[in-house]
There are 2 protein chains.
Amino acid sequence: MGWREVRAARSGILHAMNAMESNIRILVADDHPLLREGLSGMIAGQPDMKLVAEAENGEQALQAFRTHQPDITLMDVQMPRMNGIDAISAIRAEFPAARIIVLTTYKGDVQALRAIKAGASGYLLKSMLRKDLVETIRSVHAGRRRISADIASEMAEHMADDELTARERDVLSRVAAGNANKEVAVQMGISEETVKTHMKNVLTKLSAKDRTHAVVVAVRRGIIDI
Amino acid sequence: MGWREVRAARSGILHAMNAMESNIRILVADDHPLLREGLSGMIAGQPDMKLVAEAENGEQALQAFRTHQPDITLMDVQMPRMNGIDAISAIRAEFPAARIIVLTTYKGDVQALRAIKAGASGYLLKSMLRKDLVETIRSVHAGRRRISADIASEMAEHMADDELTARERDVLSRVAAGNANKEVAVQMGISEETVKTHMKNVLTKLSAKDRTHAVVVAVRRGIIDI
DNA sequence: CGAAAGCTCCCCCGAACGAGGGATGAACTG
DNA sequence: CAGTTCATCCCTCGTTCGGGGGAGCTTTCG
C-alpha cells in the first residue's frame, strides 16, 4: 500500500532508546526502496534517532507527515506523484515549523534554490557519507540550516542568474521534445514570434550557445526533465 | 511482505544453510555510500548471502574481485575511475565465469545492451524491491540470466535500431555541448560536410526530429552523458 | 500610483540547419 | 573475392535559427 510503518522492532537498541526522551523522529520519503533501506539502516545505528514512517512519493509524504508529524523529514526531490519540492511546499503550508532536509543525487543548483525557497532546511547529496548525514540531521534538528559545501558553491555561481519563467520552461520543454518554434507556437496557441522571443530569453538566461545547448544546461541544472 | 514472514523465512533457511554451508559471497560496487548501506542491510537480512567486499569505483571493484573472487558482483554502471561496463569487461577478461549483476538508476537500453555484451548476467533497476533483488541474486547464482521486465521491453524496442558509431557519438556529444557543425568540424579536424553527414545519420538512427531532440533521445537511452 | 516583470507580437537579415542527392577509399567479413 | 560498414567529402536548396531592434498589455508589488 502506501507508506508503511517501519519495522523498527528489528533493532533491540531502539527499544531501549524509546525510553529516552530525546529521540529525533524521522520521516523518509524516497522512491528507491534500496535507498530507504540504506537510510533506515543508518538511522537504526543512531541511538538518538528513530524512523517513524516511510513514503515513496510526495503525496504519501504529505499524508505521512500529517499522521506522524516527524521532527525531521528526509525528502528526495525526484519522485513520482508529486515531486519533492511540491511536497515540501505542501507540508510547510500546513506545518510551518516542519524541518525538511532535501536529499538528491544531482547537485542541480536550481533544484537547490527551489527547495530552499520552498522551505527546506538542508540540502544534501546522496553521495554523502553517513557521518555528514547524521551530523546534518542533528544540526537541522537543533534549528540550524545545513547546505553542503559543493551545493552552496554551485548555488552561489548561479545566484545572480535569472530563473526561467513558467512560460519559458514550457517552451524549452517542447523544444527539447524536438519541436520547431512553429510547432511549439501551434501547441501553445501563440505566435511563432512569441516563441522565438521566449527562446531568445532562455538562451540569454542560461548562457547557452544554441537551443540544443540550452536544453542540456537546463537538464543539468534541474530546470527541466527529459 | 510483512516483517513476521521475513523472520519466519529467515530462520527456516538459516537452519537449512547451517547444514549446507553454501553462502552466496557478494561484492558490491557502487559509489553511493547510502546505496551500499542499503544493499548491505538487504544482504545481511538474507541468511544464505554474505557481503565479502565493497568498492566505490571500477578499479576497486576489479581489485576486490581479484582478492575475494565473489560468487556474485552487484555493479553500478555509473562510477568514477572506470565505469561499470569497463569494470565488467576487465573482470570477465580475467575471470570468465564471474557472475555480475548490473544495478542502475536509469533504464537506458543502450547501457543495458552494453552491459550484457560486456558479460553481465543480470540488469536491474535500483528502484526495484528487495524481493526482486534477492530473487535475482539467487537466480543468477544458480546460473540463470535475469533481466528485469521493463528493461527487456526497452531493449526489444530498440534491438532493430542501429547503434551509433564512435564517430557519430563523438559528433553528437560536441553538438550537445553547444557547438555548431562548423565548430565540431574544426575540433575534430574534419570538414563541416562530414559533420553534417554524421548528424544526418544520427538523426535517422535515433528517429529524432532535429539535433536537440537527438541529444535528448541519446541521453535518455544512455548513449551519451551530459 | 508608478515601476518592474512577464507575456505577447512585429520587423529585418545573415547564418545555420537539414533533406535531397552522389562519391571515394579503407577495413572488415563471409 | 565480393559485400558491407565506416568515415570522409562534395553539391543544391528551402527552412529554421538566432541576434538586433521596438512595442503594447496585464499583473504584481512597494
Side-chain angles (χ1 to χ4, degrees), chain A residues 89 93 110 113-114 117-118 158-219 221 223-224, chain B residues 110 113-114 117 158-219 223-224:
Chain A
S89 301
V110 171
L113 264 178
R114 282 203 214 132
K117 281 182 183 167
H158 297 292
M159 266 304 191
D161 297 7
D162 279 338
E163 278 189 65
L164 299 190
T165 67
R167 211 61 173 162
E168 287 160 355
R169 283 196 301 273
D170 195 354
V171 168
L172 188 56
S173 294
R174 293 173 195 275
V175 166
N179 295 296
N181 291 338
K182 197 176 291 182
E183 295 171 324
V184 173
V186 172
Q187 289 169 17
M188 296 178 68
I190 56 180
S191 87
E192 186 186 350
E193 289 303 321
T194 306
V195 173
K196 292 179 78 171
T197 302
H198 286 317
M199 277 308 294
K200 274 188 268 194
N201 292 332
V202 167
L203 292 176
T204 304
K205 288 182 179 181
L206 299 184
S207 308
K209 296 166 78 175
D210 57 41
R211 50 179 50 219
T212 304
H213 193 206
V215 167
V216 170
V217 170
V219 170
R221 292 203 196 156
I223 297 171
I224 60 170
Chain B
V110 171
L113 264 177
R114 283 202 213 132
K117 280 182 184 167
H158 299 291
M159 267 305 192
D161 297 6
D162 278 337
E163 278 189 62
L164 298 192
T165 67
R167 211 63 174 158
E168 288 161 352
R169 283 196 301 272
D170 196 354
V171 168
L172 188 56
S173 294
R174 294 172 195 274
V175 166
N179 295 297
N181 291 338
K182 196 176 293 183
E183 294 171 324
V184 173
V186 172
Q187 289 168 19
M188 296 178 67
I190 56 180
S191 87
E192 186 186 349
E193 289 304 320
T194 306
V195 174
K196 291 179 81 169
T197 304
H198 286 317
M199 278 308 293
K200 272 188 273 193
N201 292 333
V202 168
L203 292 177
T204 305
K205 287 182 179 179
L206 299 183
S207 307
K209 294 166 79 175
D210 56 41
R211 52 179 48 218
T212 304
H213 193 206
V215 168
V216 169
V217 169
V219 170
I223 296 171
I224 61 170

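Below, chains carry the letters A, B, ... as their sequence lines are ordered, and counting in each starts from 1. Note that the coordinates shown come from a computational prediction; the quantities given were computed from them, not determined experimentally.
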Visitor: Given axes from five pairs at either end, by how many degrees does the helix from C:dC1-D:dG30 to C:dG30-D:dC1 bend, rounded to 10°?
Guide: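 One end axis against the other gives 60°.
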Visitor: If I take atom OG1 from residue A:T165 and atom CD from residue A:E168, how far apart are they, to the nearest 0.5 angstrom?
Guide: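 Reported value, rounded in 0.5 Å steps: 3.5 Å.
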Visitor: In whole angstrom, what separates B:R167's CZ from D:dC9's C1'?
Guide: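 In whole Å, D:dC9 C1' and B:R167 CZ are 13 Å from each other.
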Visitor: Would you kindly give the CD-to-P distance between B:E183 and C:dA15, to the nearest whole Å?
Guide: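 Taking CD of B:E183 and P of C:dA15, I get 14 Å after rounding.
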Visitor: Output a table of nitrogen or oxygen pairs between the protein and nucleotides 27-30 of chain C separated by less than 3.5 Å.
Guide:
none

Visitor: Provide the full list of salt bridge (charged side-chain N to carboxylate O under 4.0 Å, His left out) pairs with a residue in residues 194-203 of chain B, sequence neighbours left out, each pair given once.
Guide: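 Every candidate salt bridge (charged side-chain N to carboxylate O under 4.0 Å, His left out) pair involving residues 194-203 of chain B fails, so no pair, neighbours aside, qualifies.
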Visitor: Closest heavy-atom contact between A:A185 and A:S191?
Guide: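 Residues A:A185 and A:S191, closest heavy atoms: CB-C, 3.7 Å.
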Visitor: Could you check how far CG of B:L164 sits from P of D:dC6, rounded to whole Å?
Guide: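 Spelled out: CG on B:L164 to P on D:dC6 is 10 Å.
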Visitor: Would you say a side-chain N or O of B:T165 is under 4.0 Å from OP1 or OP2 of D:dT5?
Guide: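 So the side-chain polar atoms of B:T165 never come under 4.0 Å of the phosphate oxygens OP1 or OP2 of D:dT5.
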Visitor: What I want to find out is whether A:K205 reaches A:E163 closely enough, with some N-O distance under 4.0 Å, to be called a salt bridge.
Guide: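 Not counted as a salt bridge, because no side-chain N and carboxylate O are separated by less than 4.0 Å.
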Visitor: With sequence neighbours excluded, tell me which residues meet salt bridge (charged side-chain N to carboxylate O under 4.0 Å, His left out) with A:K209.
Guide: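 For A:K209 the salt bridge (charged side-chain N to carboxylate O under 4.0 Å, His left out) partners, ignoring immediate neighbours, are B:E183.
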Visitor: With rounding to the nearest 0.5 Å, note down the distance linking CG in B:N179 to CG in A:D210.
Guide: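 Atom-to-atom, B:N179:CG and A:D210:CG are 8.5 Å apart.
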Visitor: Which pair of non-hydrogen atoms, one from A:V216 and one from B:A176, has the smallest distance, and what is that distance?
Guide: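 For A:V216 and B:A176, the tightest heavy-atom pair comes out as CG2-O, 3.3 Å.
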Visitor: NA contact type, B:S191, heavy-atom cut-off 4.0 Å: base, sugar-phosphate, or nothing?
Guide: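 The residue B:S191 makes sugar-phosphate contact but no base contact.
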Visitor: Can you check whether B:L164's main-chain N or O pairs, donor with acceptor, with B:R169's side chain at less than 3.5 Å?
Guide: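 Checked: pair present.
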Visitor: How does each nucleotide of nucleotides 16-30 of chain D score, in 5' to 3' order, for protein heavy atoms under 4.0 Å: base (B), sugar-phosphate only (S), or none (-)?
Guide: SBBBBB---------
Visitor: B:R174: which residues meet the salt bridge (charged side-chain N to carboxylate O under 4.0 Å, His left out) condition with it, sequence neighbours left out?
Guide: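 Result, salt bridge (charged side-chain N to carboxylate O under 4.0 Å, His left out) vs B:R174: B:D170.
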Visitor: Starting at CD1 of A:I223, measure out to CG of A:L172 and round the result to the nearest 0.5 Å.
Guide: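 Between atom CD1 of A:I223 and atom CG of A:L172 there are 8.0 Å.
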Visitor: Counting distance only, does the side-chain N/O of A:T194 pair as donor-acceptor with the main-chain N or O of A:I190 below 3.5 Å?
Guide: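 Checked: no pair found.
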Visitor: Measure the distance from CG on B:N201 to P on D:dT8 and round it to the nearest whole Å.
Guide: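 To the nearest whole Å, that distance equals 12 Å.
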Visitor: Can you measure B:H198 atom NE2 to C:dC17 atom C1' for me and round it to whole angstrom units?
Guide: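 Atom NE2 in B:H198 sits about 17 Å away from atom C1' in C:dC17.
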